[in-house]
Visitor: 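After the structure tokens below, expect a handful of questions from me.
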Amino acid sequence: MDLQLSPDDLAFRDEVRAFLRENLTPEVVYRSHTEVHPPNEEDRRWWNSVLNRKGWAAPSLPVEYGGTGWSPIRRGIFERECRLAGAPELRWQGLRLIGPVICEFGSEDQKKRYIPPILEGTEQWAQGFSEPGAGSDLASLKSTAILDGDKYIVNGQKIWTTEAGYSELGFFLVRTDTTSKHGGISMIIIDMSSPGITVRPIEMINGDPSTFEVFLDNVEVPRENLIGEPGTAWQQTKFLLANERTSSADIDKAYGDLRRIRAIARREHKNGRPLIEDPGFRQRLTQLELEVEALEWSVLRVLCNAPSHHPSAASASVLKIKGSDLQHKLTKLATDALGPRALRLYTREQAFNAQISALWPGYVPGVTHDMLYMRACSIYGGSREIQKNIIAKIAFAM
Amino acid sequence: MDLQLSPDDLAFRDEVRAFLRENLTPEVVYRSHTEVHPPNEEDRRWWNSVLNRKGWAAPSLPVEYGGTGWSPIRRGIFERECRLAGAPELRWQGLRLIGPVICEFGSEDQKKRYIPPILEGTEQWAQGFSEPGAGSDLASLKSTAILDGDKYIVNGQKIWTTEAGYSELGFFLVRTDTTSKHGGISMIIIDMSSPGITVRPIEMINGDPSTFEVFLDNVEVPRENLIGEPGTAWQQTKFLLANERTSSADIDKAYGDLRRIRAIARREHKNGRPLIEDPGFRQRLTQLELEVEALEWSVLRVLCNAPSHHPSAASASVLKIKGSDLQHKLTKLATDALGPRALRLYTREQAFNAQISALWPGYVPGVTHDMLYMRACSIYGGSREIQKNIIAKIAFAM
Amino acid sequence: MDFALTDEQKMLADGAARYVRERCDLESRRKAAASEDGFSRRHWRHFADQGWLALTLPEAAGGLEMTVEDMSILVEELGRGLVCEPLVDSAVTCAHLLSASGSEAARAILADIATGEAIVTLAHLEEGDHSEYDAPVASRAERIDDGWTLSGTKTCVFYGASATHFVVSARNNGDDGYGLFLVAADADGIRREGYSLIDGTRAADVHFDNVRVPASALLHEPATAATVLESALDRAVVIFGAGVVGSMEAVLELTSEYLKTREQYGKPLASFQALKHRMSEMLVETEQARSALYSALAAIDSDDGQRRRRAISGAKALIAQSGHFVIGEGIQLHGGIGVTEEYAVGHHFKALIVYDKRFGDSDFHIERCGQIPAEEPQAP
Amino acid sequence: MDFALTDEQKMLADGAARYVRERCDLESRRKAAASEDGFSRRHWRHFADQGWLALTLPEAAGGLEMTVEDMSILVEELGRGLVCEPLVDSAVTCAHLLSASGSEAARAILADIATGEAIVTLAHLEEGDHSEYDAPVASRAERIDDGWTLSGTKTCVFYGASATHFVVSARNNGDDGYGLFLVAADADGIRREGYSLIDGTRAADVHFDNVRVPASALLHEPATAATVLESALDRAVVIFGAGVVGSMEAVLELTSEYLKTREQYGKPLASFQALKHRMSEMLVETEQARSALYSALAAIDSDDGQRRRRAISGAKALIAQSGHFVIGEGIQLHGGIGVTEEYAVGHHFKALIVYDKRFGDSDFHIERCGQIPAEEPQAP
């Protein structure tokens, strides 16, 4: 047992910090720290290419396809530093979800065609898994892809397809064998500009659309866009999720939230002193700081494959429950720190371009937008209740 | 809608206060405020008789049988004042549970035989409902009472029979018709000194027995001890519970707990000032005070049959969930206020006879004993989980 | 003590419930939110026609002189329908400030409040203030021959861009406290910058630049202004609280219906025990909020300032806390649809957040309560 | 970073687990609680034989010089079995105070700690103190020719009636801080009043009435005593915390087994979704406690006092909070049997309460953390 960061890792952290200092601009940092959903798309694409020049764009990919070869710890350090420094959060769908799947299961042609634009950030991806009425129940998937010569004809409807409205490509779960109830599901790559695709934004509780409905109406997709053999999507999906066992903890965002809360509380006042010195506020803040720090250790344990008293398959669910609970509490505390200022609506565009004044300081825009959006984090990616079902089953065989 | 106490009720409160001032002694008050379980038995019997002389022993009984004829509000006032003043808490089983049942369903002989000693407190009662393995499921009741001439022969085993060890009488649920699965349950009065009864104390988490196992082995019970017709216990039990719709809120105890917490926090110190002035402690205390005050209004609404948006049958469960949650929090806060002193074990006898010193002030004994005991309050009388089942069913038809 | 509604109260509640049911669908509310006012002028006229704006006003101003309890019964029903018109701000908070004033100008405006012609709102919060209850007030009032000039900037003035009049707090050099002034919104020297709030209503920053008002504009002298304002805020807190309780009831209904309709793994969601238990917990919290509301209603007119303050602040804190749990879990139980703009439960959540952040949040009010000693029982 | 146990650590854990499984049944623990010591001398001898008392002691005293992590691995296993011997008080807290002292007397006692012959405990808390971390210390130490006399009353001295020695804090007139003294429990002028604690162990009030001790009894001068004591307390907090994590794991196991065995309405309790979900929440909290423990272990030897203090206090608060939830719900899920003395889960609860109240409770430690600024990330 060795619970310390190695000197090498600490040196790596310094290297990352120096790189971030050199490459980020205050405008980009402001927009990142504003925490709106979705974040600024141009910033993300720009930062994707900046990182790619350094060779740091794709820590999730194998080294031979442009990955960094970092240890999980080092990758964690990198992501934390990026977040806290205000680097744009790169889109996950390509770099962290489908990229690794293509490297593992894709054809050589697919790797050549899709990986370079993922590394450079010039092609962004949508993830088309959920369908209306299906909830968390994949077995009831209804979209179909029927082989017709060298094309699949795809029909169906997807929902909660994050950022589909401005993605070049999508990876979709479809039923290639309509006779089987549980099998016959495949993963297929679809050009989002294909005829027959309609994308409708879903306005969210915070007033902005960050997720979409996707209607697929006789969309023609080349046969070679299928990933692996037909009917093997289950295996690919499992692989995809296993790569992201710790991301649902949202630990980097949590540290960013704490930074933001402290920044606000140093400026706002209560009973004639800075809010951060108010005993009640400090108590709430400290409690959350401690829980975030403990969650970080939970993440480290998973990253390092620590021995566990409970089946490790339960740990992603454990992290998600705590992570989303903390998101609710952190974003609530941030709005509480603002007082009635929290009530002003800043849409995404307004937040990026807000007029800053003494009445409306730069730390106001985005806080409530983020709090409202984060009500979704205990729902998406398998709701809190589903996670509890999973834990009971895996950890206690109940 | 009129949300004020009437001047008459306020005058009544003053009358009660005056009576309590005149009749309670400091020794009795000390023992009551020590909140051990079970309370001092002699004090309770004595107080029962004192109240009976005043005509105030049995607010739950009809006037013609010695009741007070008070409105529910007035009865609430009386109970609150008694509790806060440190009057011994009278035992419920006779006065509030079986007493009203006998008046409603009993024979004239039963009324004559049992009500006067209940009023005077000379005969105390045990309630024999629960059985091992039955949980909250009455349908699986196993104890039997088989008619044999002019006697019932009773066999079976009861558990969680509160204070059975020092009760003269008991009322028991038994199966008089063993052929029916759901019916055939009767309520019968048994002299606890009957041959064939064995009573075994159950040591509780706080180190004292306040509840018992009762073994009934061919106990002979006169036929006339059955209440009402055979097989009508369901109706009697429903009546019994309906009389006590608000008692599970434990509102009087909650006010007593708050009084005690404040008394401790005025004497204990933190950061060089009385604990009660510490912002964090005050915050916790105030939160609980407010919730107790709100719960009191919930009780008042039920007592006054306030119109409700939800079926009123759910309200006893609503009160119990909040009441037991508050008991957990209040008794925890009381032990927190004591610091490491809370760790000393005071058994019931030690608490009554504790040596008081600067090191071990009189407010220490009983606090932790009570906290530990109160872990049971979300379990007994239908667990928190059972109450939630009930609410979902009654209020939402789910 | 009697919780039953009088016949008059029942009629009021039924009328409001019917209106909400028939006219306050989410679509029309979204349309109102998109309008310049952030609320519906059509609803507003209806409120006036129904006498709702006149409910607690004095008879002399065409009012019905009904009680705070009556108003809370009305607003609870309106809260179920997410009604967002400036009923409480104008016809309760400011109307109370006007009624309590001896000023002639005040009486005239009260009559206009009753008809809905006047919309009066409080211009009190300034930069950095977190609660109307302890705003220090830096805006200045200077005496001139025939009246006053007012200067300063007010922020988070609810309905500020649609208001016809403001009640403005401002401080005369040398005075201990601040006075409260009635000012027409179109007076020279007033500049308003409106913006939307998260619940679809609108507020404004209002800049007062040497705004001249007559002597009669002074509604309350510094000696009494803070006390009268507190009493007006107390009314607002309680009545808005009733609206939140209505919101909570609506969410219970929406959610239990949703759970019965939707299926997962081939069973209705309502059959899952964990969700049943959540609904039960939501009811327990809703009942707590309602009880806290009654506690505040019982104390609102008490002469005992400590008792009143404690009950009002307690209700504010508990209703906001319970509301946050109940409506937050209402969203959760709806799943994805719960976090969309198209569905009512998210709007209830935003209305709750507005309540939470107005007048000081739960932390503020718990602390305020804590400064008032709880009533100690007498020892025998 | 590596969380895997070394072979040595695995042996240690397995040995402790086996001992707990084979010898630490509840009945024998209840017997030990009823004895004069409040613990088992038989267990105590076994601890010595296994080298557990010598684990972190210096080699010179016959110790194994193993780490705090090793000790925490051991105590976690012992916590599962509710082991209640004075292992941590004597062989960690006081041993640390003795090891860190240059005194010759200290070295001799350390060897006796390793063999179990000496039981050394801290006599530090006085009337009204709530935390060892900020006890003001009123007891007096007065210089005499050949040493000191100590006077004062210590309370909540854990295992005080069974101890062979005390480490006593006392203050010399005129000094800024207090010194720490090693005193034989049978010295003249010492009077002990023992009492039981809720977990079945025993503590004592210890009265020092002009107790003479030699000059060599001074383990730590006022200049350094508080720092060394803090470091000893930190070790105690972390290692006892490991025991609580063990307790929590034991309760998860007990409870899930109970739910699978018992039936209600003809179905095993484990099939009820609300109970499944509770078990899941209990696991989430247990994992949080374990992570907080690792965080503290990682910081325990840090030169950065702020970081150490924050991690230790944080772990104390979170472990106690999580433990309260997990073990409290463990009781709840057991129903009636959970609140009886005859069943283990209630004993785990009482052990948790002891942890909660020792060294300062969660409120104390959250506040202590809050006084240390969190590390701020650098702005680019």
Side-chain angles (χ1 to χ4, degrees), chain A residues 1-6 9 17 20-24 26 29 73 80-81 84-87 255 258-259 262 279 282-283 285-287 289-291 293-298 300-301 303-307 309-310 314-315 317-319 321-322 325 385 387-393 395-398, chain D residues 1-6 9 67 69-70 73 249 252-253 255-256 259-260 268 270-271 273 275-281 283-295 297-299 302 310-311 313-315 317-318 321-322 363 365-367 369-374 376-380:
Chain A
M1 194 182 257
D2 174 9
L3 304 180
Q4 311 301 323
L5 280 184
S6 72
D9 286 339
R17 283 183 180 171
L20 293 166
R21 256 196 310 276
E22 274 161 36
N23 287 278
L24 288 169
V29 169
I73 290 285
R80 171 73 42 78
E81 293 300 324
L84 290 178
Y255 273 105
L258 287 172
R259 185 199 56 75
R262 288 190 296 258
R282 276 211 84 87
Q283 192 274 331
L285 174 60
T286 306
Q287 178 79 39
E289 285 173 345
L290 293 174
E291 292 188 27
E293 286 160 22
L295 184 62
E296 171 163 38
W297 280 93
S298 296
L300 287 169
R301 286 163 57 204
L303 289 180
C304 296
N305 287 312
H309 287 66
H310 307 279
S315 52
S317 297
V318 170
L319 294 180
I321 288 175
K322 201 69 183 179
D325 176 51
E385 288 70 26
Q387 305 299 340
K388 289 185 191 171
N389 287 346
I390 292 173
I391 294 172
K393 191 164 177 179
F396 302 111
M398 280 173 72
Chain D
M1 200 168 278
D2 183 6
F3 293 85
L5 302 194
T6 62
Q9 288 172 331
T67 65
E69 284 154 23
D70 300 325
I73 289 165
E249 295 284 2
L252 290 180
E253 210 174 294
T255 310
S256 63
L259 295 178
K260 288 177 198 172
S271 67
Q273 194 191 27
L275 308 188
K276 292 184 198 187
H277 279 200
R278 194 79 48 78
M279 285 301 303
S280 301
E281 293 157 14
L283 178 61
V284 170
E285 289 300 308
T286 303
E287 292 288 10
Q288 172 170 288
R290 181 178 296 285
S291 286
L293 173 66
Y294 288 161
S295 159
L297 283 171
S302 169
R310 214 181 141 81
S313 276
L318 290 193
Q321 289 172 347
S322 298
D363 287 351
H365 283 284
I366 297 270
E367 191 179 323
C369 276
Q371 284 156 358
I372 303 161
E376 275 304 332
Q378 297 160 303

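The chains referred to below are lettered A, B, ... by the order of the sequence lines, with proteins before strands, and numbering in each begins at 1. Every heavy atom of this structure was used, including side-chain atoms; hydrogens, water molecules and symmetry mates were not. The structure displayed is predicted, hence computed values, not measured ones.
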Visitor: Under 4.5 Å from any heavy atom of chain D, what part of A:Ile321 do you find: side chain, backbone, both or neither?
Guide: side chain

Visitor: Taking side chain as everything from C-beta outward and backbone as N, CA, C, O, which of these in A:Glu291 sits under 4.5 Å from a heavy atom of chain D? Side chain, backbone, both or neither.
Guide: both

Visitor: I need the minimum non-hydrogen distance between D:Ala298 and A:Gln4, along with the two atoms involved.
Guide: O-NE2, 2.8 Å

Visitor: Using side-chain heavy atoms (C-beta onward) and a distance below 4.5 Å, is A:Leu3 in contact with A:Trp297?
Guide: yes

Visitor: Quick check for you: among A:Asn23, A:Leu5, A:Ile73, A:Thr286, which has the greatest number of heavy-atom pairs under 4.5 Å with chain D?
Guide: A:Thr286

Visitor: Top residue by heavy-atom pair count (under 4.5 Å) with chain D, among A:Ala87, A:Cys304, A:Ser315, A:Ala294?
Guide: A:Ala294

Visitor: State the CZ-CG distance between D:Phe3 and D:Leu297, to the nearest 0.5 angstrom.
Guide: 10.5 Å

Visitor: Heavy-atom pairs under 4.5 Å with chain A are the metric here; pick the option from D:Glu367, D:Lys260, D:Glu253 that has the most.
Guide: D:Lys260

Visitor: Considering residues at least two apart in sequence or located in another chain, which fulfil the salt bridge (Lys or Arg N to Asp or Glu O under 4.0 Å) criterion with D:Asp70?
Guide: none

Visitor: Just so I understand: if I count every heavy-atom pair under 4.5 Å between each of A:Gln283, A:Lys388, A:Lys393, A:Glu22 and chain D, which residue has the most?
Guide: A:Lys388

Visitor: Checking D:Glu287 against chain A: side chain, backbone, both or neither under 4.5 Å from a heavy atom?
Guide: both

Visitor: Need one label for A:Asp9: side chain, backbone, both or neither, based on atoms under 4.5 Å from any heavy atom in chain D.
Guide: neither

Visitor: Do the side chain of D:Ser256 and the main chain of D:Leu252 share a donor and acceptor less than 3.5 angstrom apart?
Guide: yes

Visitor: Side chain from CB out, backbone as N, CA, C, O: work out which of these in A:Glu385 comes under 4.5 Å of a heavy atom of chain D, or both, or neither.
Guide: both

Visitor: Please state whether the side chain, the backbone, both or neither of A:Ala397 comes within less than 4.5 Å of a heavy atom of chain D.
Guide: both

Visitor: I need the residue from A:Arg301, A:Met398, A:Arg80 with the largest number of non-hydrogen atom pairs under 4.5 Å to chain D.
Guide: A:Arg301

Visitor: What part of A:Ser298 gets closer than 4.5 Å to chain D, counting heavy atoms only: side chain, backbone, both or neither?
Guide: both

Visitor: Applying side-chain contact (heavy atoms from CB on, under 4.5 Å), run through D:Ile366 and D:Gln321 and close with a yes or a no.
Guide: CA-CA 11 Å; D:Ile366 297 270; D:Gln321 289 172 347; 4.1 Å; yes

Visitor: Please state whether the side chain, the backbone, both or neither of D:Leu293 comes within less than 4.5 Å of a heavy atom of chain A.
Guide: neither

Visitor: Please look at A:Glu293 and chain D and tell me whether the side chain, the backbone, both or neither of the residue comes under 4.5 angstrom of a heavy atom of that chain.
Guide: side chain

Visitor: In terms of heavy-atom proximity below 4.5 Å to chain D, should A:Leu303 be classed as side chain, backbone, both, or neither?
Guide: neither

Visitor: So which of A:Leu319, A:Ile391, A:Asp325 actually passes side-chain contact (heavy atoms from CB on, under 4.5 Å) with D:Val284?
Guide: A:Ile391

Visitor: For a quick test of reading the model, state the closest non-hydrogen atom pair linking D:Ser322 to D:Glu285 and the distance between them.
Guide: OG-OE1, 3.1 Å

Visitor: With a 4.5 angstrom heavy-atom cut-off, which part of D:Arg290 approaches chain A: side chain, backbone, both or neither?
Guide: both

Visitor: If you take all heavy atoms of D:Leu259 and D:Met279, which pair is closest and at what distance?
Guide: CD1-CG, 3.8 Å

Visitor: Under the salt bridge (Lys or Arg N to Asp or Glu O under 4.0 Å) rule, collect the residues that match up with A:Arg282, sequence neighbours excluded.
Guide: none

